[in-house]
Each structure stands twice: as C-alpha cells, then as structure tokens.
Amino acid sequence: MSSNLSLYNTADRKISAFKPLVPGKVGIYLCGATVQAPPHIGHIRSGVNFDILRRWLSVSGFDVTFIRNVTDIDDKILHKAVHEEIPWWAVAMKYERAFSDAYAALNVLPPTYEPRATGHVTQMIQLMQILIENGAAYAPGNGDVYLEVRKLKSYLTLSNQKLDDLQSADDADLTHKRDPRDFALWKAAKAGDPSWPTPWGAGRPGWHLECSAMAQAYLGESFDIHGGGLDLIFPHHENEIAQSEAAGWGFANIWMHNAWVTTSGEKMSKSLGNSLQVQELLKRVRGIELRWYLGSAHYRSMLEFSFEALEESSINFRRIEAFLGRARSLLGFDIATSINPAFAKAMNDDLAVPQSLALISEWVKDGNNAITNKDLKTLSQAASDVRGALAVLGCDPEDLAFATSGGITSDVLDGLIGLALEQRTAARARKDFAASDAIRDQLAALGISIEDTADGPRWTVANETSK
RNA sequence: GGUCGGAUGGCCGAGAGGCGAGGCUCAGGACUGCAAAUCCUGCCACACGGGUUCAAAUCCCGUUCCGACCUCCA
C-alpha cells in the first residue's frame with residue numbers, strides 16, 4: 001500500500017509528505033467537545049473536517065485508529081450543574097448525547113474509541129507521577145499539581161511564542177505557583193465539587209492533562225496526527241506537548257488545525273443566539289446538506305457563514321444528488337464507487353476539498369451529457385466517480401446514515417404515482433393540457449415533482465426541509 | 001506588547017508567476033404543448049501604492065483595513 005498524501009503541519013507551517021510511524025497504520029487524536037452546551041456548527045465543522053481526513057486515509061488503505069475525547073469535567077460543566085440544578089455528570093451526559101446526535105446527523109463516523117476524561121484519572125495520576133519524578137512538575141501541598149514551564153527545554157514551539165512575551169493573566173495567583181505561567185495539571189478539590197483521590201490530595205483534572213494521558217493510553221507515546229480547532233494551539237496543545245514531552249514521550253508528529261466558522265468576518269459569536277446550533281440548522285436543511293456546506297471550504301480557511309450561502313450550497317448538492325438518481329434509474333443498477341485519479345490527487349494535496357468539488361461538478365456535467373447522448377459507459381464512469389468522491393466527503397446519498405423513511409415502500413408509492421402519471425400521459429396524448437397540468441399540480445401539492453424526459457415522466461419527492 | 005491569519009466578481013469559494021477552478025444568482029439561447037430538468041453562451045474579479053519580470057491575483061517593499069490567540073474556547 002502506498003500513499004502520496006501530503007499534509008500541512010502547524011508545527012513547521014509547511015505541507016510535507018505524510019509518513020506514518022508504522023507503515024499502513026495511522027493514529028489520530030482529535031480534541032473533542034467539552035460537553036457543557038449543545039453543539040454549534042463550529043464544533044461540528046471540526047468533526048466533519050477530521051472525518052473527511054479519516055475517511056480519505058481509510059480509502060487510501062490505511063488502518064486508522066481515530067480517538068476523539070469527551071471532556072466531561074471542567075469549570076463550565078460544574079457551573080452549569082449549579083445553574084440547571086442537576087448533578088454535574090447529568091450535565092455532561094446530556095450534552096455528550098447532544099454532540100453524538102449531531103455527529104450522527106452529519107454522518108461523522110464514531111471514533112474508534114471515544115474516551116471520557118473522568119474515566120482516565122488513573123492514567124492522569126500515572127502521568128503526573130512521571131512528571132514529578134522527572135522534576136518537571138511540582139505539588140505545592142495544597143492539592144494542586146503544576147507543570148513548571150520555565151524548566152522545559154522547549155515550550156511554545158507550536159505557537160512560536162516566547163514565554164516572556166505572553167501577557168500575564170490577571171488572576172495569576174502566586175500563592176502556590178512558582179511562576180505565573182505554570183499551568184495546573186490537577187486542581188485541588190473545592191467544597192462541593194467532584195474529586196478523585198491522588199497522592200497529592202483529592203481534586204480534579206486540569207484541562208490539558210487528560211489529552212496527554214488519553215492519547216498515550218490509546219495511541220502510545222508517539223502517534224501520527226493530533227488535531228483540533230485553531231484556538232487550541234495555545235494554550236491547550238502547547239501544554240499537551242509540554243506534559244507529554246516532559247514525560248519523555250514523542251507525542252504527535254503532525255499537528256492539524258481547522259479554521260473557524262465566522263460570521264461577519266468574526267469568530268462565530270454568541271450574538272446569533274441558538275440559531276447556529278446544529279439542531280436548529282437541521283430544521284432548515286438536511287444533515288447531508290449541512291455536512292456538504294461545512295465541508296465545502298478548505299479546512300484551514302475560514303468559512304463565512306450565512307443562511308444564503310447554506311441554501312446555495314444545498315441547491316448545489318441537490319443537483320448532484322438528482323444526477324445520481326437519474327443515473328441510477330437509467331443504468332438500472334446500483335452505482336459503484338470509484339476513486340478518480342484527479343480526485344485522489346486533490347485530496348492528497350492537504351485535502352483540497354474545494355478542488356474536489358470542482359471535479360464533481362465536471363463529472364456531473366459529463367454525466368448529464370452522457371444521459372442525453374445515451375452513452376451509458378460514460379455515464380456509469382461519471383456516476384461512480386461522483387459517488388466515490390461523495391463517499392469520501394461523507395455525503396453519499398446512498399449512505400444508510402442518511403436513510404430517510406422506512407415506511408411506505410417505494411414500490412407502493414411508485415405504483416400509486418404511476419397510476420396518476422398514466423392518466424396524465426393519456427391526457428397529454430390527446431392534447432388535453434388542462435387535465436395533464438391539473439394532475440401535475442395536484443402531485444406538486446403533495447410534494448411530488450414531475451419531470452418529462454425523453455423516456456417518459458419521472459417523479460421525485462421534494463425534500464421536506466427544502467420546500 | 002507578542003504570535004498567527006486574512007482582504008479575489010452580485011454572493012460563496014479555489015488558486016500562489018504565464019491558458020479567467022467550481023458553485024449560487026442573473027441575462028440570453030437550445031430542448032419542451034407549457035413547466036421542470038439538462039445543456040450551451042454571457043456576466044472577464046483578485047484591498048491600495050510602488051517595484052522585480054518578457055509575463056504578477058501569485059514574488060519583493062510600503063500602506064490601509066479586518067480578524068484570531070496570549071491560560072474558558074472547534
């Protein structure tokens with residue numbers, strides 16, 4: 001198996017050939033959600049972008065182990081628990097479910113493993129033990145444990161900053177810290193908060209520790225790719241690197257970061273209220289359409305959100321979907337999936353999805369022409385190239401993840417609508433267009449659109465969400 | 001103050017020295033009883049000022065504007 005994949009690495013800000021640590025295998029760790037609110041499209045864009053990476057690696061022949069964690073304990077969750085008057089773990093479960101539902105609706109594959117922070121306290125304690133033994137971390141005795149960043153031989157290499165240039169935090173408390181920039185691996189228990197016992201006192205994990213511990217637990221001391229949103233570069237990923245390298249681990253080879261969904265040029269703001277939550281947008285467009293939109297820009301480019309752009313993108317997708325529907329009925333068999341070399345070349349170039357979309361448009365055009373020309377060979381190839389590309393992008397309309405109704409069988413529907421269409425065809429034959437148009441209008445009122453083709457009428461059910 | 005990124009046609013969105021990616025919208029045309037779908041044609045953009053080059057959206061210098069991060073963040 002060989003791959004020509006090149007990826008951009010935040011660490012050196014260059015695109016380089018991807019070389020897995022173990023030939024044929026790839027380990028990926030993606031920072032997942034802190035489950036303290038329902039997911040918005042920014043969260044899910046990250047999920048979609050890395051899902052495309054994962055699917056492409058799999059299609060390229062790699063055996064992929066994909067880890068995406070759940071941060072189920074942190075300050076915000078505790079605050080929310082007080083606010084919602086339910087236990088902290090109930091808050092975490094509630095929003096973890098909301099994320100899982102959103103991922104599923106957009107056909108983001110479940111990770112190979114999806115570890116929760118609270119399930120890996122043992123690994124975190126082990127890591128802290130190593131760090132303290134190595135002299136990299138210290139426990140001042142109050143139950144906190146800190147990493148001493150001044151002692152690190154290299155720190156802030158990912159964000160290319162200098163320790164002394166950082167603005168110091170307003171709330172830096174030097175009661176226990178040796179340096180204001182030392183960060184907490186472990187936080188001493190406060191009254192009423194959940195805590196776990198450790199050799200240094202009871203407490204709960206700091207944000208950064210969990211990822212180092214869980215990445216090592218599932219992927220080993222060194223692994224291939226670590227991903228997350230741009231904003232995680234500092235401090236989160238810097239601190240993960242600090243912890244893991246201070247423990248003597250090689251950690252991540254490649255760092256990949258997805259860009260924002262922006263509104264009016266700015267990082268998505270809360271001023272839009274709940275309207276950009278995944279569940280809200282799914283009332284406007286189908287999951288497959290939302291995914292197509294979120295995946296359509298390059299993962300390192302800002303995606304400027306607007307409802308208009310979302311709608312336009314959906315129209316574009318429906319055109320492709322309609323083509324596959326026509327191709328399938330014309331060919332009379334299920335369309336295969338094939339990987340066109342041009343598509344592979346684009347995807348291998350740091351996941352050039354926008355280029356891939358241009359290719360798909362070309363193939364759809366070729367395929368439509370082939371339908372006109374009754375060139376089934378060209379049609380078959382175009383359709384399978386389109387479907388193969390859509391599958392990698394997670395937008396294959398045939399994917400069971402997007403299956404709609406299992407109710408009335410299509411045979412029954414086809415028969416019923418066929419009856420109406422026979423009447424209409426008869427009316428048209430005798431030039432009774434008033435009657436034929438009436439039938440078409442009545443079907444349209446039911447959400448069924450009719451297209452007259454050279455081979456007779458075709459019907460499709462309009463999308464419930466797009467009428 | 002430090003670090004990082006951005007500005008491309010009506011809109012979205014690629015490209016990173018040389019044929020105007022692609023989509024959406026709009027206009028015209030073909031096909032059609034009409035419609036729909038499809039196809040064809042058109043709409044010649046790269047923040048500003050200099051420079052390098054036979055050739056610059058792309059490289060260099062300068063300027064303006066916008067944004068992200070600096071210990072809560074996808």
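In what follows, every chain begins at residue 1, and chains take the letters A, B, ... in the order their sequences are listed. Just so you know, these numbers come straight off a predicted model, no measurement behind them.
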Across the strands shown, which category fits [X] at heavy-atom distances under 4.0 angstrom: base, sugar-phosphate, nothing?
| X | answer |
| --- | --- |
| A:Ser306 | nothing |
| A:Asp452 | base |
| A:Gln161 | base |
| A:Asp437 | base |
| A:Asn160 | sugar-phosphate |
| A:Leu303 | sugar-phosphate |
| A:Arg300 | nothing |
| A:Arg440 | base |
| A:Leu232 | sugar-phosphate |
| A:Glu362 | nothing |
| A:Lys365 | sugar-phosphate |
| A:Val261 | base |
| A:Gly42 | base |
| A:His298 | sugar-phosphate |

What integer number of Å spans the [atom1] atoms of [N] and [M]?
| N | M | atom1 | value |
| --- | --- | --- | --- |
| B:rC26 | B:rG1 | C1' | 49 Å |
| B:rA30 | B:rG67 | P | 50 Å |
| B:rG6 | B:rC59 | P | 11 Å |
| B:rC60 | B:rC4 | P | 15 Å |
| B:rA16 | B:rA56 | C1' | 10 Å |
| B:rG10 | B:rC46 | P | 10 Å |
| B:rG42 | B:rA21 | P | 14 Å |
| B:rU25 | B:rA57 | P | 30 Å |

Distance check needed: [N] [atom2] versus [X] [atom1], whole Å only.
| X | N | atom1 | atom2 | result |
| --- | --- | --- | --- | --- |
| A:Leu421 | B:rA35 | CG | P | 19 Å |
| A:Glu312 | B:rC24 | CD | C1' | 4 Å |
| A:Asp366 | B:rC39 | CG | P | 10 Å |
| A:Arg318 | B:rU25 | CZ | P | 11 Å |
| A:Lys345 | B:rG15 | NZ | P | 13 Å |
| A:Ile15 | B:rA16 | CD1 | C1' | 11 Å |
| A:Asp455 | B:rU38 | CG | C1' | 13 Å |
| A:Phe234 | B:rU71 | CZ | P | 7 Å |

OP1 or OP2 of [N] less than 4.0 angstrom from a side-chain nitrogen or oxygen of [X], does that happen here?
| X | N | answer |
| --- | --- | --- |
| A:Lys267 | B:rC69 | yes |
| A:Ser436 | B:rG33 | no |
| A:Arg430 | B:rG33 | no |

Report the relative orientation of the aromatic rings in [X] and [Y]; use parallel for angles under 30°, tilted for 30 to 60°, perpendicular for over 60°.
| X | Y | result |
| --- | --- | --- |
| A:His226 | A:Phe223 | tilted |
| A:His208 | A:Phe183 | perpendicular |
| A:Trp292 | A:Phe317 | tilted |

Identify which nucleotide among [options] has an atom closest to any side-chain atom of [X], counting heavy atoms from C-beta outward.
| X | options | result |
| --- | --- | --- |
| A:Arg13 | B:rC4, B:rU71, B:rG13 | B:rC4 |
| A:Arg319 | B:rC39, B:rC72, B:rC12 | B:rC39 |
| A:Leu166 | B:rG33, B:rC39, B:rC70 | B:rC70 |
| A:Thr372 | B:rU38, B:rA21, B:rC70 | B:rU38 |
| A:Glu266 | B:rG67, B:rA74, B:rC24 | B:rG67 |
| A:Trp260 | B:rU71, B:rU38, B:rA74 | B:rA74 |
| A:Met268 | B:rA74, B:rU71, B:rG13 | B:rA74 |

Just checking A:Phe99 against A:His43, ring centres under 6.0 Å apart? yes
Just name whichever nucleotide pairs with [N], Watson-Crick or G-U, keeping both distances under 3.5 Å, else none.
| N | answer |
| --- | --- |
| B:rA30 | B:rU38 |
| B:rC69 | B:rG2 |
| B:rC11 | B:rG23 |
| B:rC54 | B:rG18 |
| B:rC48 | B:rG62 |

Donor-acceptor pair (no angle test) under 3.5 Å: A:Asn316 side chain, B:rG22 base: no
So, does the side chain of A:Arg428 form a donor-acceptor pair with the base of B:rG33 at under 3.5 Å? yes
The answer to which of A:Tyr299 and A:Phe433 contacts RNA chain B further toward the 5' end, by nearest nucleotide, is A:Tyr299
Contacts of A:Arg45 and A:Ile450 projected onto RNA chain B by closest heavy atom; the upstream (5') one is A:Ile450
Answer yes or no for [X] and [Y]: cation-pi contact, defined as NZ/CZ to six-membered ring centre under 6.0 Å and angle to ring axis within 45°.
| X | Y | value |
| --- | --- | --- |
| A:Arg428 | A:Phe433 | no |
| A:Arg68 | A:Tyr103 | yes |
| A:Arg13 | A:Tyr8 | no |

Is there a side-chain contact between A:Ile288 and A:Asn107, using heavy atoms and a 4.5 Å cut-off? no
Between CH2 of A:Trp186 and CG of A:Leu127, what distance do you get to the nearest 0.5 Å? 11.0 Å
Kindly give the heavy-atom pair with the smallest separation between A:Ser159 and A:Ile233, and that separation in Å. CB-CG2, 3.8 Å
